[in-house]
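All ligand and atom numbering here is 1-based and tracks the order in the structure.
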Amino acid sequence: MTQLHIEETNGRHLNVAFSPSGNDFFDLSKHDPETIVEISPNGRYAKLNTVLGKGAYKVVYKAIDREEGYEVAWNCFQTTKAQFNALSQEISILKEVRHPNIIAFHDWWYSKDNEFIFVAELMTSGTLREYIRKLSLPNMKIVKRWSRQILKGLKYLHSHDPPIIHRDIKCDNIFINGAHGEVKIGDMGTAKMKLGKKYTVIGTPEFMAPEMYDEKGYSEKVDIYAFGMCLLEMVTGEYPYNECKNAAQVYKKVIQGSRPECLNKVQDPEVLDLINHCIAPENERYTAHQIVNHTFLLVDPEVVLLSMDPEKVNLSLQLVFKGMDKLSVKFNFNVVKDTAEEVVGEMIEEQVLHQKYKTLITHEINRILRELNKIQNGDDQNKEEANSLWPISGALSTVYGGSRSNIALTISPGSMAQTHVERNFMNGMISPLYPGMEPNRRREWLNDPEDSVPVREYPNDTPIEEFVSDTAQALHRDMEKARQWTDKLKKEDIMTVGDLRRLHDEDWAGIKLTVFATRALKNALAESTRLRSPRSTASTSSNGHEEGL
Ligand SMILES: Nc1ncnc2c1ncn2[C@@H]1O[C@H](COP(=O)(O)OP(=O)(O)OP(=O)(O)O)[C@@H](O)[C@H]1O
């Protein structure tokens with residue numbers, strides 16, 4: 001049988017096969033999904049015979065970008081020339097949009113068959129909605145990962161100048177590349193630049209914020225409302241307002257402020273809180289930026305090994321909160337004297353770590369200890385495995401040597417300051433001289449106003465509660481923590497800053513403050529003393545108790 005590839009005058013491509021007699025031929029294009037059936041006017045894109053999907057308005061085919069060799073999505077949308085012309089402003093928006101979490105829009109034209117055709121990035125694994133059904137119910141880790149990506153896309157659109165409102169965010173319009181777990185917002189056909197408020201009622205009723213129906217206009221916050229409904233669908237597997245029989249019923253519920261029934265099925269309090277903030281009335285509703293920082297979406301922290309001594313006894317570890325401007329804590333760990341449980345317990349007590357991470361971080365520290373044990377006893381394969389413990393070695397190899405449980409040696413109160421500033425508690429004083437730290441980090445520390453222990457001078461007769469509460473506050477500890485520290489000091493008859501200054505090192509040990517609290521108070525005391533007049537500093541130093549702080 002002879003096969004021929006034919007290009008018709010209307011641009012359609014056919015693959016045909018002739019019978020041996022040459023009298024009959026078969027259109028193979030109808031069967032072969034990889035057959036080219038059409039070429040774009042500029043010759044760059046070749047539409048294949050594979051339908052990727054059909055929606056209410058468009059049919060989407062697989063195509064090839066012949067210049068780059070990529071597979072792309074060829075979208076056909078029946079419309080009149082006049083409507084196509086009216087769309088031109090929106091189309092130009094799409095051309096400007098470039099973000100890893102938004103489906104890229106490559107090219108478009110109006111075809112001879114009265115179709116608006118546009119070529120977009122191809123997504124391999126269908127829509128989020130289909131994927132949710134496939135997984136039956138995605139676990140929270142997946143939901144968080146998806147949500148973060150959707151929000152990054154929304155944050156990008158909303159921070160465009162002027163903001164771009166998608167207006168039809170729903171799980172059917174969010175697409176997945178399953179191999180990499182990539183999630184992208186698609187179907188930008190309804191997107192609109194926000195030049196002032198928008199009034200057109202458009203979207204999918206279950207995902208439409210109530211203000212879309214009134215005449216006062218709406219803002220980009222409608223996308224946040226819709227995201228809240230997507231999150232609800234992700235965690236319950238149910239379409240919001242499934243209990244309604246038609247769009248009119250949904251509309252009625254939405255404008256009355258009745259929440260979808262499946263909201264009652266949400267068990268996790270953090271997810272529930274986030275959904276409620278998304279579907280709240282417009283003026284109370286979170287922005288995309290606020291949601292990204294919601295506790296539900298924070299990445300679980302991990303522990304990395306920064307360095308260790310040759311005997312592998314004193315380790316320098318760091319608690320890293322990836323992807324968030326959150327507390328990052330370096331601490332020493334003595335493998336002979338410390339246990340992961342003890343150290344984590346102290347982090348929780350000192351509010352360096354949230355209670356919910358107790359098991360995770362204990363497990364992480366023990367994992368490192370086990371791996372190290374393997375290095376000490378181990379063979380080459382174990383050594384290789386152990387190398388994986390050094391994700392940032394070299395970049396941050398500062399060792400603050402020292403004694404037992406030097407926890408919270410350096411703290412980055414980034415959650416408050418939004419920058420990664422560091423403070424050295426190791427020697428009991430704040431020092432801008434961090435051996436091994438890059439100069440710009442040092443500058444950040446020096447410049448940051450939030451990075452403060454109380455820097456005023458405290459006369460000896462200052463009541464101890466005043467000094468302790470200032471110190472706790474400067475370290476973002478709550479007043480309950482300050483009260484606990486004060487109680488412990490008062491139990492030892494330390495009533496004033498002067499009493500504190502008179503303590504010897506062994507006295508400090510007897511107070512039973514945690515290592516963190518001891519170092520914090522010593523720090524503040526040293527700083528206050530430094531600010532005192534030379535005469536008073538000299539007199540305090542003369543008793544020898546300031547040294548080594
Ligand atoms: N970029 C893409 N990559 C892969 N498949 C796609 C892509 N865009 C759309 N599809 C497929 O085509 C189907 C129809 O697309 P879409 O839902 O965007 O059409 P629509 O007519 O705008 O839909 P709706 O009914 O939601 O208004 C999708 O369900 C999906 O399976």
Side-chain angles (χ1 to χ4, degrees), residues 33-34 37-38 40 44-65 68-80 83-84 87 90-91 93-95 97-108 111 113-135 146 149-150 153 157 165-192 200-208 212 222-223 226-227 229-230 233 239-241 246-247 250:
E34 293 302 303
V37 288
E38 197 175 330
S40 64
R44 176 165 176 174
Y45 301 101
K47 174 175 151 190
L48 302 179
N49 199 16
T50 311
V51 176
L52 292 171
K54 285 181 187 174
Y57 305 100
K58 60 181 192 264
V59 186
V60 185
Y61 295 86
K62 198 198 266 186
I64 305 274
D65 176 345
E68 297 290 339
Y70 296 140
E71 287 182 336
V72 287
W74 174 298
N75 297 252
C76 308
F77 189 76
Q78 278 291 334
T79 185
T80 62
Q83 279 170 329
F84 172 73
L87 278 173
E90 314 310 338
I91 297 169
I93 301 178
L94 303 183
K95 224 180 97 187
V97 170
R98 281 274 174 263
H99 187 272
N101 298 112
I102 295 175
I103 291 185
F105 190 81
H106 299 309
D107 200 2
W108 74 91
S111 81
D113 300 329
N114 297 331
E115 282 175 329
F116 163 37
I117 294 176
F118 66 91
V119 177
E121 185 177 359
L122 179 103
M123 299 297 282
T124 55
S125 313
T127 68
L128 199 58
R129 181 133 203 256
E130 291 157 0
Y131 221 77
I132 292 172
R133 305 290 177 272
K134 231 186 264 177
L135 289 173
W146 286 346
Q149 297 185 56
I150 300 166
L157 290 177
I165 315 178
H166 185 286
R167 304 197 295 180
D168 200 12
I169 292 289
K170 56 179 175 176
C171 293
D172 306 80
N173 284 339
I174 295 165
F175 295 82
I176 295 222
N177 270 337
H180 302 107
E182 267 177 341
V183 169
K184 303 193 185 214
I185 299 172
D187 211 348
M188 294 285 296
T190 47
K192 192 95 182 160
T200 318
V201 181
I202 189 168
T204 307
E206 289 82 350
F207 294 78
M208 282 163 67
M212 282 189 103
V222 297
D223 289 343
F227 166 77
M229 291 297 175
C230 288
E233 189 175 345
Y239 205 65
Y241 293 109
N246 50 46
V250 176

Problem set entry | Taking atom 15 (O) of ligand 1 as the reference point, the nearest protein heavy atom with its distance | Val60 CG2, 3.9 Å

Exercise. Should Thr127 be counted as touching ligand 1, given the test is an N or O pair under 3.5 Å?
Worked result: no

Exercise. Nearest protein heavy-atom contact for atom 18 (O) of ligand 1: which residue, which atom, what distance?
Worked result: Lys58 NZ, 2.8 Å

For this session: Kindly confirm or rule out a cation-pi arrangement of Lys170 over Phe207, judged by NZ or CZ under 6.0 Å from the six-membered ring centre and within 45° of its axis?
Result: no

Problem set entry | Distance from atom 24 (P) of ligand 1 to nearest protein heavy atom, with residue and atom | Ala56 N, 3.9 Å

Problem set entry | Residue, atom name and distance, where the atom is the protein heavy atom closest to atom 7 (C) of ligand 1 | Phe175 CE2, 3.8 Å

Seminar exercise, completed: Note: Ala73, heavy atoms under 4.0 Å from ligand 1, region reported as side chain

Seminar exercise, completed: Residue, atom and distance of the protein heavy atom nearest atom 1 (N) of ligand 1 read Glu121 O, 2.9 Å

Seminar exercise, completed: Counting from 1 in the order shown, the ligand 1 atoms closer than 4.0 Å to a non-hydrogen atom of Leu122 are 3 (N)

Seminar exercise, completed: Closest to atom 11 (C) of ligand 1 among protein heavy atoms sits Gly53 CA, 3.9 Å

Exercise. Where is the nearest protein heavy atom to atom 4 (C) of ligand 1: which residue, which atom, and how far?
Worked result: Met123 O, 3.1 Å

Exercise. Closest non-hydrogen protein atom to atom 21 (O) of ligand 1, residue and atom name please, with distance?
Worked result: Tyr57 N, 2.7 Å

For this session: Give a yes/no verdict on whether any heavy atom in Lys62 is under 4.0 Å from an atom of ligand 1.
Result: no

